[in-house]
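Below is one structure; the comments refer to it alone.
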Amino acid sequence: MSIHPHEIPGDLVDRPDRNLALELVRVTEAAALAAARMVGRGEKEAADQAAVDAMRLVLDTVRMDGVVVIGEGEKDEAPMLYNGERIGDGSHPHVDIAVDPLEGTTLTAKGMPSALSVIALSEQGSMFDPGPCYYMEKLAGGPDVAHVLDLDRPLGETLRLVAEAKGITLGDVLVVVLDRPRHEEGIREVREAGARVRLITDGDVSAALQAVTTDAPVDLLWGIGGTPEGVISAAAIKCLGGQLVGRRGPRAAEARRAALDAGYDLERQLTVDDLVRSEDCFFSATGVTDGDVLEGVRYQGARGATTESLVMRARSGTVRRVHARHDRAKLRSVAGERLG
């Protein structure tokens, strides 16, 4: 029996469905292919712009009415993919969008590992708005340690609980941390507890993916990073399983006052379900440079290129690893130099 579209309840029509998953892969593939042409050139702004242009171009073709909740910044700072911008072809469903067309601009410019293109999507009104809270302290780990993650507990004690939950020795626990002066005390605490540290220069989302992926060498993500990246990571973790707990931490006094004036509770720990309040959540990432999570763009002669992506859906728990081969000449004929 066929069902007329007008007979479908409105909430179901407006719910993001599984077909969006592969649409999002096209989006991150396009951004990664564009950014990959800038790998090793030392021009991080140009690499980011190439990814933004390509991502925006493909997003215009996706069947949705999306609002950028987390993007490249405010409208006066970003001509495309700015916070509040409407994207998609304007049809149902209505969705929130979080994008990082090139996570790891410096990594790309220097030809270093683990640069990604990422996007997350959930039903409208369900994504956390960082507001003036640019920084967030975070702990993230897989399903086996989700129940022990707590920012109010001393870090060394949490590491002992992580080792116990995983059935490993404390000396085997590996914590990934952004290499920043603000983390010196925490790094010392990790080492004094007997655990190990993997320092990274950039790549908050990539690090979170490592921390929750069962076959990755990393057991835990800790540190103060971007709140926008925390929301994007939460979307991925909602699909993969595991947990991220975060606490907003404006570092400047002015930002702290603005956050308090806006009604943000700076003491409360936020979980994945606070950051993305819907099971109708999707995430896609495509590697730009090789990393622990994804293979980067690889060129095959003058015409070909390959990409590797992860695309995930929270409601079903489906995780797909997509290997694709692209004909660069055909891409250029369709979309110009931006995708070739």
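Being a predicted model, the structure only gives us computed values, none of them experimental. For the numbers below, each heavy atom of this structure counts, side chains included, while hydrogens, waters and symmetry mates do not. Here, residue 1 is the first one in the sequence, and each next residue gets the next number.
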Does the pair [X]/[Y] count as a salt bridge with the N-to-O cut at 4.0 Å?
X    : Y    : result
K166 : D172 : no
D274 : R268 : yes
R188 : E185 : no
E123 : R277 : no
D60  : R56  : yes
D202 : R180 : yes

Enter the distance from [X]:[atom1] to [Y]:[atom2] here, rounded to the nearest 0.5 Å.
X    : Y    : atom1 : atom2 : value
D290 : M112 : CG    : CE    : 13.5 Å
L310 : R321 : CG    : CZ    : 4.5 Å
L294 : S114 : CG    : OG    : 9.0 Å

Tell me whether [X] contacts the main-chain N or O of [Y] through its side chain, where contact means a donor paired with an acceptor under 3.5 Å.
X    : Y    : value
E103 : D204 : yes
H92  : M64  : no
K238 : V276 : yes
T289 : A115 : yes

- Item | Residue that, paired with P228, satisfies side-chain contact (heavy atoms from CB on, under 4.5 Å) out of V69, D129, I70 |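 Of the listed options, the one satisfying the test is I70.
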
- Message: Name the residue from R247, R248, K138 that meets the side-chain contact (heavy atoms from CB on, under 4.5 Å) definition with L270.
- Response: R248

- Query: Quick check: are there more than 12 heavy atoms from other residues, nucleotides or ligands sitting under 6.0 Å from CD of Q300?
  - Reply: yes

- Message: Does atom CZ (R63) have a neighbourhood of more than 12 heavy atoms from anything else shown, all under 6.0 Å?
- Response: no

- Message: Less than 4.5 Å apart, side chain to side chain, heavy atoms only: is that true for Y135 and R182?
- Response: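 They are in side-chain contact.
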
- Treating Ile, Leu, Val, Met, Phe, Trp and Tyr as nodes and any side-chain heavy-atom pair under 4.5 angstrom as an edge, say whether L209 and I200 lie in one connected cluster.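 L209 and I200: separate clusters.
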
- Are V118 and L102 joined in one hydrophobic group, where the rule is that I, L, V, M, F, W and Y side chains link up if heavy atoms are under 4.5 Å apart? no

- Check the pair H326 / T307 against side-chain contact (heavy atoms from CB on, under 4.5 Å), numbers first and verdict last. CA-CA 8 Å; H326 308 270; T307 56; 2.8 Å; yes

